[in-house]
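Naming: A, B, ... by sequence-line order, numbering from 1 per chain.
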Amino acid sequence: MKRRTIIQASLVLLLVLFGAGLYRIGKGFDLLVDNKTITIEDRTYRATSTVRVSVDGGEPIELMKRDRDVISVVGYSHVIRVEELDMDDEVVRSVEKTFRLDRNSGDLLSIPALLGGEEAWIVIRNP
Amino acid sequence: MQKLRALIHHVGWPRVIIAVFLLCLFVAAPFVRVRLDASIGDTLVRFGMNGVLVLAMVPMVQSGCGLNFGLPLGIIAGLLGAVTSLELNLTGFAGFVAAIAIAVPFGLLFGWGYGRLLNKVKGGEMMIATYVGFSSVAFMCMMWLLLPYRNPTMVWGYAGKGLRTTISVQEYWGGVLSDFFGIRFSDFLSVPTGMLLFFGLMCLLVWAFFHTKTGTAMTAVGTNPDFARASGIDIDRMRTISVMMSTVLGAVGIIVYEQSFGFIQLYMGPFFMAFPSVAAILIGGASVHKATLTNVLIGTFLFQGILTMTPSVINSMLQTDMSEVIRIIVSNGMILYALTRVARVNSK
Amino acid sequence: MKNMERDAKFRLDRFLLTNLVPLIFIGLSMVAIPISQFSGSYLVQEMLIRLARNAFLVLSLLIPIIAGMGLNFGMVLGAMAGQIGLILITDWKIIGLPGMVLAALIATPIAMALGWMCGVILNRAKGREMVTSYILGFFINGLYQLIVLYGFGKVIPIRSADLVLSRGFGVRNAINLLGIRNCLDNLIPVSLQGIRIPLGTFLVIGVFCLFIVWFRRTKLGQDMRAVGQDMDVARAAGIPVERTRVVSIVISTVLAAYGQIIFLQNIGTMNTYNSHEQAGMFAIAALLVGGASVARATLPNVFLGVILFHLMFVVSPMAGKYLIGEAQLGEYFRVFVSYGIIAVSLVLYEWRRARDRAYARRSLRGGEA
Amino acid sequence: MAESLKSVIIGDRGILTPSHPSYTEVKGMTMEPLLRIEGVGKAYFGNRVLKDVSFSLARGEILGLVGENGAGKSTLMNILFGMPVIRETGGFEGKIYLDGEEIAFSNPFEALDAGIGMVHQEFSLIPGFSAAENIVLNRESMRNNLLVEVFGDRLRTLDRGDIFLRGRSAIEKLGVSIDADMLVSEMPVGHKQFTEIAREIEKAGTKLLVLDEPTAVLTESEAAILLESMRRLAAEGISIIFISHRLQEVIDACDRFIVLRDGEVVKESGTEQADVREIATAMVGRKMGVEEAREEEGRAFGEAVLTAEQLWVDMPGETVRDVSFSVRRGEIFGIGGLAGQGKLGIANGIMGLFPAGGTVLFEGKPITLDDPRSALRAGIAFVSEDRRGVGLLLEEPIKLNIAFTALQMQDRFLKKSLGGFLTWRDEAAIDELAREYIESLAIKCVDADQRAQELSGGNQQKICLAKAFAVRPKLLFVSEPTRGIDVGAKKLVLDTIRRHNREYGTTIIMTSSELEELRSICDRVAVIQEGRVAGILPPTADRAEFGMLFLGASKVSEKEVAS
């Protein structure tokens, strides 16, 4: 009987862990992808050109200057690929970056900051 | 202390709790700036409005058919009477009386069929009554669209046919009973004398009926069908009569309700109307197979009192409207209590 | 000789009575389908979707019937538990299949608690389980509203602005379930001649059918059958009757919670204060349409019932429109049919029970010579 | 085989068959009887039902237990099985030993565990299950699976193959042929009985089997098979207590028998020299406490007022098959017989309370059976044996109970008002009537408005009588008028009935299980046995005559008695 209680207890524990796991892999984020001039800690990054952005190899979106759009992603760890375009829609520069999200991280991805090599290119949106 | 406990046991815990709760609401009312006279006035109006509908439970419970969840059937008969009276353009007392006069035969007819059906399903009445009520309401939804009523105040303007969902009776016979001998104490408190008198008259009729030979037989059928049969009483006939009475009372009840409310509600309006009446009579202390006029009076007053007082008092206290939720919990909790209590008595 | 004739007539009557409801529905559909002018492929697609959507909910009704407790009108309790799970995962933004499974995981303990309570109450109302569970549904609905309308946002934190009423607490009336919409249906995309088949859901339903078949062969299933047929004999043999009945309701409630989650992932939006009420009624109506009775229900009843009932549901508004020129009339007609069919089934069941009792008595009667 | 199983007596009590395996042990004097009952007694609320009962039962022995209804057989069995009702009413006196160890079970399951099996009169089978499933009910063969570890033992899977085999072998043990896969609902009655016995013997370690009137529902050939099975089981070492009213069966099948009467063992002997008549006499014997003397008076009766021809009544548990009799005006006619034989069905059938057929003439006019109004209109009243069920409106006042039938059937105690438009209850007249009967029948109550349920059994019975008297019947059926009421009240009730007969000349048909009661007030007594009239005797006839009729041991036609 004791053995069975242990099995049952561990099963409940397993289910709780399973639930936590589901929470992690299923957690969705709505990310704002922003191609605007931004100032982070006295450093200003200018939005210079049109960019093409795709997250996790998904459908790419194109952002003109001063554009912003929403991307929905699932999970905590992602890869973002940004391609800078010139007037003829030719790729000038392409940057790929892996990033992690968590509860406290912001949800605004600043492309100019990313391209400018800023560490804190993910910022909390001002309400 | 012993006496108090015996009294509470006799009255029943749920009724005591609800009565105390209602009392608290009345006491608390002035402190949260709710006018007491207005509250009392509202309670009296709702008491008169719903009284006859609650009374419609009594005959069926007394004959052992259980709680009349099929009340919508009676209500439909009343609605037919009401809209027909409007179609005839009758106003004032004439309109009201005509509505009842037309509704009663329908009530008798529906009740007869409904009673015959319930006789075939003894033991399963309540569930079947619920669904007979529901399906008859749904059936009438189609009928309201199709029946050839033409009075322009009642039909949809654009189509020229098909009855509206809500029809005003103000210009016909709205308030004829309520305002009859209405006594105004203040701007907020007026007593609907006529309506209360009419309710009293109905109670008297039901009381008198249960003192006749047929009424006595009906009580016996409800209390002990085997006894009644051994005494040569036709059980099925008594049950049918009780169902017809309940249905007719339901029909009259809804007309009284409408003249006070000022509107006729068609389509899905009657759908859940059985539940407040069932809850009210149970709060009054009735059980699934025994109901008295005292149960009706006390139950209607307590239940309608709570319905009137909770929105005003609780809302003022908590700043939220919880009255609907409280109504659902109180009324269904009461029905649930009655259903489980009966089973326990039976199993002994 | 006379006896045999009487028996044969009795059997024929019985067959007709047992299958009256499905026969009526087949007849109605045969008339209404041509009038509605729907194409065959449209109807097939529609039926597949609705089968996936509803079958699980209907299946959850089977176990209490085995245990002799009639139609479990208390399944709305499970539906409410499922909805609470869905509200939470929507607020947390858990997307896709993980979200759905997590919702089910959250709903399970709630449904178990509610089911246990329901079972205990029904044990106190033996012989009138159905009406009691029906009222119990309303009662718990009151508590559900209390929690969802006042608890969420005050006691239970919710952050998503899309969910909260403008006053700062309480959940909105309509919730968009975009995150998990069709995630199970489209898990394994299959298409046959332009007709999409929600294979993922069908697999889950199939597994569940196997579970029921297996369950009937367990000791617990056997005990439930025994309790359902004769409570006193089962008790005398030492079977814990009350406990068995409670367990059957708990299982049914938990399954109803899963069923409601599957149902809502297919619909994609949730009506916070109404979805569960309809779940119970439609599931019961569908089961009865399939030829089940209060005392007996099989897997074929479930599938036949869902198809016939929803065929009627899809077809009747259009049929009403073409026939009388009023789509509204068709709407009311299907409401009427849903309630009417439950009423008719209950009446037939009680009536048949009375007749069978009389027949059994007659056959027991001693020789008259 | 049967002959070789006939018992031999060892010492004064222990009995074993020579062919029994433990026979040799017995000779070595190591024998302890399987069951020994010593000085067992029981009283319910001061009412003594068992007194100093002692006997013992050896392994493989078949003991017949006979006695009238109410002789204490079922109380004895309840004690043996540890039924909760015994403990709730204060336990029992004396000691019971099983295998030499004292036992006192607190519930029947403990008795089952200890190896005592019981087959009840009413079938305790699940109708939708097969014979095998019923035989192993709640003791199914099961296999483990993974889920058991999570959800507990009840999720084990059934091993249907093994269940079938176990069922079949249990049936084979009985020596009958029943398909183990057949559903109980489709079985003939006899097979159900065998299935139930098979269930008891399938239990591992069943040592003692109690069969409560197992042959009552069986045909003769089925009964013969059953007796044969019993002997086979006994030969395997299972002891059997066989309760039956069919004395010949007891003599044929048992090694020994005891007779219970009024809670005492009045006779105990081997079946070798037993004689049916002797057992019957022992069973019926004289009862204590009921007055014996009856006034011998020259009673003259009028013409036949009620005649029943080929009456059958479908009353559950009291089926009447074919009954004919006639009752003369002014007579008190008694109907007796053992419980379940159909005596109660007669009055209930004529009063239309249960489906019935045949011809019943009252004052020359036929009574429509199946319609209570017909009999009531003809002037027949009925005091039901089911006082609380049929006799009274428990929740209504006394006065309404008394006046009810007269009010409904004869339109008395009504008054009209509004020019005859309304018919009311005449409360004053009802009060008057109630007062009258409360006084004349000495009903103990607060007033006429007291509810019937608050009265004692005897006073409730008087209200039932008052209700019947109030319709001024020409003929009155009284069923079990003294059941469940105390001794003092019994005499009052019987005196009331007799007085009513003498004063108003009302014809009375009284049904009772108490023979002495019938003999004390009836002019003739009919005995019903298996739904038929076994005979009609004058009350002065010898008790043994009645005993023989009760048990169906001999058929005495009315003509023989009359001549």
Side-chain angles (χ1 to χ4, degrees), chain B residues 66-67 69 117-118 120-146 159 162 267-268 271-272 275 278-279 288 318-322 324-344 346-347, chain C residues 70-71 73 120-147 149-150 154 167 169-170 281 285 294 320 324 326 328-351 353-355:
Chain B
L67 300 164
F69 285 104
L117 180 74
L118 289 188
K120 286 205 191 320
V121 297
K122 287 190 192 112
E125 289 99 343
M126 283 193 268
M127 201 68 221
I128 286 167
T130 311
Y131 276 93
V132 166
F134 285 170
S135 41
S136 60
V137 169
F139 178 76
M140 285 313 289
C141 285
M142 295 191 276
M143 288 298 113
W144 300 133
L145 282 177
L146 295 177
Y267 298 95
M268 299 308 260
F271 204 70
F272 281 120
F275 290 83
V278 171
V288 176
L318 300 179
Q319 310 297 326
T320 38
D321 181 11
M322 292 182 72
E324 174 67 9
V325 173
I326 289 179
R327 185 188 66 77
I328 293 175
I329 293 178
V330 167
S331 58
N332 292 303
M334 205 57 224
I335 302 175
L336 207 55
Y337 171 79
L339 287 171
T340 51
R341 200 175 55 145
V342 166
R344 242 177 308 164
N346 279 351
S347 64
Chain C
L71 300 165
F73 285 84
V120 169
I121 288 177
L122 292 191
N123 271 340
R124 306 183 108 183
K126 290 201 187 90
R128 50 176 96 227
E129 284 96 348
M130 280 195 279
V131 71
T132 309
S133 65
Y134 183 71
I135 299 291
L136 188 68
F138 283 121
F139 179 69
I140 298 295
N141 186 28
L143 296 183
Y144 171 83
Q145 291 199 11
L146 199 67
I147 293 168
L149 216 45
Y150 303 101
K154 276 196 165 172
R167 67 182 184 196
F169 61 90
M281 190 194 70
V294 175
I324 309 172
E326 284 255 26
Q328 186 64 29
L329 200 71
E331 297 276 346
Y332 285 131
F333 180 69
R334 66 188 196 183
V335 176
F336 167 62
V337 165
S338 322
Y339 288 113
I341 212 66
I342 299 182
V344 168
S345 297
L346 292 173
V347 168
L348 284 178
Y349 168 72
E350 291 288 345
W351 188 39
R353 206 167 60 156
R355 268 173 44 119

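With contacts defined as side-chain heavy-atom distances shorter than 4.5 Å, the pair C:I342/B:F134 does not qualify. Contact check for B:M268 versus C:V335: side-chain heavy atoms found under the 4.5 Å cut-off. For the pair C:R128/B:V288, a side-chain contact is recorded, criterion being any heavy-atom separation below 4.5 Å from C-beta on. Here the side chains of B:F271 and C:Y339 are in contact, with some heavy-atom distance below 4.5 Å.
Only the side chain of C:Y134 comes within less than 4.5 Å of a heavy atom in chain B; its backbone stays farther off. B:L145 touches chain C through its side chain: at least one heavy atom from C-beta onward sits under 4.5 Å away, while N, CA, C and O do not. Contact of C:Y150 with chain B is made through the side chain alone, with heavy-atom distances under 4.5 Å.
Distance check: C:L143 CG to B:I329 CD1 gives 4.5 Å after rounding to the nearest 0.5 Å. Here the straight-line distance linking atom CE of C:M281 with atom OH of B:Y131 works out to 7.0 Å at 0.5 Å rounding. If you take OG1 on B:T130 and CE on C:M130, they are separated by 10.5 Å, rounding to the nearest 0.5 Å. With values rounded to the nearest 0.5 angstrom, C:L346 atom CG is found 13.0 Å from B:M126 atom CE.
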Going through the distances and angles, do B:M127 and C:F73 end up as a side-chain contact (heavy atoms from CB on, under 4.5 Å)?
CA-CA 11 Å; B:M127 201 68 221; C:F73 285 84; 3.4 Å; yes

Passes side-chain contact (heavy atoms from CB on, under 4.5 Å), C:I121 versus B:T340? Steps please.
CA-CA 7 Å; C:I121 288 177; B:T340 51; 3.7 Å; yes

Apply the test ring-ring contact (aromatic ring centres under 6.0 Å, His included) to residues C:F138 and B:F272: give CA-CA distance (whole Å), side-chain angles for both, the deciding distance (0.1 Å), then the verdict.
CA-CA 11 Å; C:F138 283 121; B:F272 281 120; 5.7 Å; yes

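Checked against side chain to side chain donor-acceptor pair (under 3.5 Å), C:N141 has the following partners two or more places apart in sequence or in another chain: C:H276, C:E277.
In terms of non-hydrogen atom pairs under 4.5 Å with chain B, the most contact-rich of C:I140, C:V337, C:I341, C:V347 is C:V347. The candidate with the highest count of non-hydrogen atom pairs below 4.5 Å against chain C, out of B:I128, B:V132, B:L117, is B:I128.
For the salt bridge (Lys or Arg N to Asp or Glu O under 4.0 Å) condition, no pair includes a residue of residues 130-144 of chain C, sequence neighbours left out.
C:I135 and B:N332 make their closest contact through CG2-O, 3.6 Å (heavy atoms, listed as atom of the first residue, atom of the second, distance). When all heavy atoms are compared, the tightest approach of C:W351 to B:K120 is NE1-CD, 3.7 Å. For the residue pair B:S135 and C:A343, the shortest heavy atom distance occurs at OG-CB, 4.0 Å. Taking all atoms of both residues into account, the shortest heavy-atom contact from B:L146 to C:L329 is CG-CD1, 4.1 Å.
The aromatic rings of C:Y332 and B:Y267 lie parallel to each other, their planes meeting at an angle below 30°, with 60° marking the opposite boundary.
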